[in-house]
2 protein chains.
Amino acid sequence: MTRSTSKQELYDIAGKLFSKKGYHGTTIREIAEARGILSGSLYTHISSKEDLLFHIVDDGAEAFLSALEPIVMSQQDAKSKLRNGLAAHIRVVTTQMDAAKVFLHDWTALGEERHAVIQQKRDKYEDLWAVLLAEGYASGTLIRGDAKYLRILILSVGNWVYEWYKTSGELTPEGLADQFMDIILHGVIAE
Amino acid sequence: MTRSTSKQELYDIAGKLFSKKGYHGTTIREIAEARGILSGSLYTHISSKEDLLFHIVDDGAEAFLSALEPIVMSQQDAKSKLRNGLAAHIRVVTTQMDAAKVFLHDWTALGEERHAVIQQKRDKYEDLWAVLLAEGYASGTLIRGDAKYLRILILSVGNWVYEWYKTSGELTPEGLADQFMDIILHGVIAE
DNA sequence: CCTACCGATCGGTAGG
DNA sequence: CCTACCGATCGGTAGG
């Protein structure tokens, strides 16, 4: 399961550039230059520019899935699952900012076949959240709000993190999840 | 203030393509083709590709600002302002989906100077929300949650709408705002 | 990994 | 608005 250092290094470099300038806005020559080689030499390691995009996006998808799966499957109560699920999501976004942004932002540039692969993983991830929320409503812990829009609300705030999060002086993923979940669970007005 | 039909039509066409394939992923030839002319002829109407991007993004910024400003300045109570502010935001996103997506997604492709112009309008819009929320806390209507993270939560869910909203069979902007604000105001669990 | 290069396409212009 | 074209750059390849 470990990947050769040089390959991962290449994905990191490409991820950083894609996240900063977009997939189409980044040239193969810029990636090569950041790696310290000439553009033609990249093709010893990859077979196309889209190859780089796919691996970055697919790693991102796997990171989200493998972070949430154990929480959904666990025996925690619904409130803990909600809090820990959002914290896990935010942790993926904040610790792999470039890959997460490319995953959320540029994955649509993939060709038909690979687009479908990622679409499936995105659907699977959404389904995990749907299961988590359905459990919460079924157990009577969640008593207000519509499951669909609650899921959209949670994923929106989790995803948008990549747009504003600065690595320094910010709350931890757990701290952010607490802030957001406190609002979502208890509301903000006096009843 | 009215803009010539042909110019607005060009912005609409470019907005649709930018929103679908990204700014860098869209060529000047595709825009011209969608307009039914050859690429060179575009330059009677614009002076550069970035020109198109700027006008689309700037129109988007103005749409958000002019939708929220009257609500913040009005005499409604804090709860109404929150609900109507989110509804206004979602209305801009859903009725000008392409422009909104380009505004939120591709504005960073602008050159330094124009990037700064848009950054300022984005800051101004965030400040409007900050004022709205500060009022809510000052008046005692809002009693829980942190103003900064409440603002991020609201803007996240409002912005992310462009990622999932389908024009058919969906709730109205007001309906969506009600769903989200119901959760945010009252929470989802039994106290 | 480099040298050297490919055909295609890019944003944009001159002249009518 | 078209014809005709520009120099630059694109992703990618052959041969060493």
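As a basis for the values below, the full set of heavy atoms in this structure was taken, side chains included, without hydrogen atoms, waters or symmetry mates. Within every chain, numbering begins at 1; the chains are lettered A, B, ... in the order of the sequence lines, protein sequences first and strands thereafter.
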For the pair made of [atom1] in [X] and [atom2] in [N], what is the distance, rounded to whole Å?
X	N	atom1	atom2	answer
B/Y43	C/dG12	OH	P	4 Å
B/R29	C/dT13	CZ	P	13 Å
A/E50	D/dC10	CD	C1'	16 Å
A/I37	D/dG12	CD1	P	14 Å
A/K49	D/dT9	NZ	P	15 Å
B/I28	D/dT9	CD1	P	17 Å
B/E30	C/dG12	CD	P	15 Å
B/L38	D/dC5	CG	P	15 Å

- Note on the structure: Here the pair of heavy atoms bringing B/M97 nearest to B/Y162 is SD-CA, 4.2 Å
- Message: When both hydrogen-bonding distances must be under 3.5 Å and the geometry is Watson-Crick or G-U wobble, what is C/dC5 paired with, if anything?
- Response: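 Partner of C/dC5: D/dG12.
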- Just to confirm, is there a sub-4.0 Å distance from OP1 or OP2 of D/dC2 to any side-chain nitrogen or oxygen of B/S41?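 The answer is yes; a side-chain N or O of B/S41 sits under 4.0 Å from OP1 or OP2.
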- Message: Over all strands shown, is B/H24 touching base, sugar-phosphate only, or nothing at heavy-atom distances under 4.0 angstrom?
- Response: nothing
- Message: Once you apply a heavy-atom cut-off of 4.0 Å, does B/T44 come out as touching a base, just sugar-phosphate, or nothing?
- Response: base
- Message: Taking the basic N atoms (NZ, or NE/NH1/NH2) and the acidic carboxylate oxygens, is any pair closer than 4.0 Å for A/E170 and B/K148?
- Response: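 Result for this pair is yes, salt bridge flagged.
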- Message: Within this structure, what is the CD-OG distance for the pair A/E69 and A/S74, rounded to the nearest 0.5 Å?
- Response: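 That separation rounds to 12.0 Å.
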- Task: Check the side chains of A/H55 and A/D59 for a donor-acceptor pair under 3.5 angstrom, ignoring hydrogens and angles.
- Result: no
